[in-house]
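For reference, the structure is listed below as structure tokens.
Nothing here was measured: the structure is a model prediction, and the numbers come from that model. This chain uses plain numbering: 1 for the first residue, then up along the sequence.
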Amino acid sequence: MTESLTPEELAAIRAITTPTVCNAIETFDVRLRNERFMDSTIQSRFPELGAMVGYAVTITIRASVPPEREIPAPQVWDEMDRVPKPWVVVIDDLDYPRPIGSYWGEVNSSVYKALGAVGTVTNGGVRDLPEVRATGFHFFSSCILVSHAYVHVVEVGGPVTVGGLTVRPGDLLHGDEHGVTSIPLEIARELPKAARDLEARERKLIDYARSDAFSREGLMERYRRVD
């Protein structure tokens, strides 16, 4: 893993919307345009919180059956400490696509926030929405659930696949009301400038389209410049 970003660098990335992050990544030509972001099964439960940025820590859970083996919480936290903060806790629920028990509620969100997490992304469910919303902890999930059922941790660390995206510990994730994407670490520091340059080019086209001077001919001229 490359050197961790500074708080200021992370804040600069957090100030960008997730669609703009995706657009800016495309300008570096480091990956295909149809990969490395989550699909629409993963929804932000608190879109008013804005963007979430952090390094992935990964957990696998199950809730549909009583645990035969459960990894204790201190062992989970010790494994997470291998990854720089802030954390985004990415949870693969083995009961998906029919999750039954939530790992996330007021208790775990408070504990993980105190440990250095800024939010979670899971193909499972979340609950205690009013209480968690007030803390500023981000919830991204496939559904909302009422119970924790038999929820327990069966694995910590290693790759997990959530919303069609395979996530590994240390991956840099960005999410807002639109969804969640990963950011290649090798271009992360350059991303804010790329986003500003891209938005400046697009703004000329947007402003012209909204102006009284708009014409189709003028639009085509400006569109070619943006293209």
I'd like a table of donor-acceptor pairs (distance under 3.5 Å, sequence neighbours excluded) in which one partner is a side-chain atom from residues 59-73, with atom names and distances.
residue: S64; atom: OG; partner: D95; partner atom: OD1; Å: 2.6
residue: R69; atom: NH2; partner: V154; partner atom: O; Å: 2.7

Distance-only donor-acceptor hits, side chain of residues 123-130, under 3.5 Å, sequence neighbours excluded:
residue: N123; atom: OD1; partner: D93; partner atom: N; Å: 2.6
residue: N123; atom: ND2; partner: D92; partner atom: OD1; Å: 3.0
residue: R127; atom: NH1; partner: V146; partner atom: O; Å: 2.8
residue: D128; atom: OD2; partner: E106; partner atom: N; Å: 2.8

Show me the side-chain donor-acceptor pairs of residues 9-20 shorter than 3.5 Å, one per line, residues at least two apart or across chains.
residue: E9; atom: OE1; partner: T6; partner atom: N; Å: 2.9
residue: E9; atom: OE1; partner: T6; partner atom: OG1; Å: 3.4
residue: E9; atom: OE1; partner: R189; partner atom: NE; Å: 3.3
residue: E9; atom: OE2; partner: R189; partner atom: NE; Å: 3.0
residue: T17; atom: OG1; partner: T20; partner atom: N; Å: 3.3
residue: T17; atom: OG1; partner: T20; partner atom: OG1; Å: 2.9
residue: T18; atom: OG1; partner: H174; partner atom: ND1; Å: 2.9
residue: T18; atom: OG1; partner: D176; partner atom: N; Å: 3.1
residue: T18; atom: OG1; partner: D176; partner atom: OD1; Å: 3.0
residue: T18; atom: OG1; partner: D176; partner atom: OD2; Å: 3.4

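Side-chain N or O atoms of R203 include none that pairs as donor or acceptor with a backbone N or O of E199 at under 3.5 Å. With S44 contributing its side chain and E177 its backbone, the two residues share no donor-acceptor pair below 3.5 Å. In this structure, K85 contributes its side chain and L115 its backbone to a donor-acceptor pair below 3.5 Å.
Among residues two or more places apart in sequence or in another chain, the side-chain hydrogen bond (donor to acceptor under 3.5 Å, both in side chains) test is passed with S110 by none. Applying the salt bridge (charged side-chain N to carboxylate O under 4.0 Å, His left out) rule to R31 yields no partners; only residues at least two apart in sequence or on another chain are considered. For F46, the ring-ring contact (aromatic ring centres under 6.0 Å, His included) criterion is met by F139, not counting sequence neighbours. With sequence neighbours excluded, no residue forms a side-chain hydrogen bond (donor to acceptor under 3.5 Å, both in side chains) with D78. Among residues two or more places apart in sequence or in another chain, the side-chain hydrogen bond (donor to acceptor under 3.5 Å, both in side chains) test is passed with T166 by T161. Take Y208 and apply the ring-ring contact (aromatic ring centres under 6.0 Å, His included) test, not counting sequence neighbours, and it matches F214.
Between the CZ atom in R36 and the CG atom in D171 there is a gap of 5.5 Å [rounded to 0.5 Å].
Between P169 and V57, the closest side-chain pair of non-hydrogen atoms is not below 4.5 Å. Side-chain contact between R82 and E79 is present, with heavy atoms from C-beta onward closer than 4.5 Å.
Summarising the hydrophobic clusters (Ile, Leu, Val, Met, Phe, Trp, Tyr; side-chain heavy atoms under 4.5 Å, direct or chained), the residues clustered with L165 are M38, I42, M52, V88, V90, V118, V121, F140, V160, V162, V167, L173, V180. Chaining together hydrophobic side chains whose heavy atoms lie under 4.5 Å apart leaves I100 on its own.
The number of heavy atoms from other shown groups lying within 6.0 Å of CG (D212) does not exceed 12.
Counting only residues at least two apart or on different chains, the ring pair (Phe, Tyr, Trp, His ring centres under 6.0 Å) pairs with a member in residues 117-137 are W104-F137.
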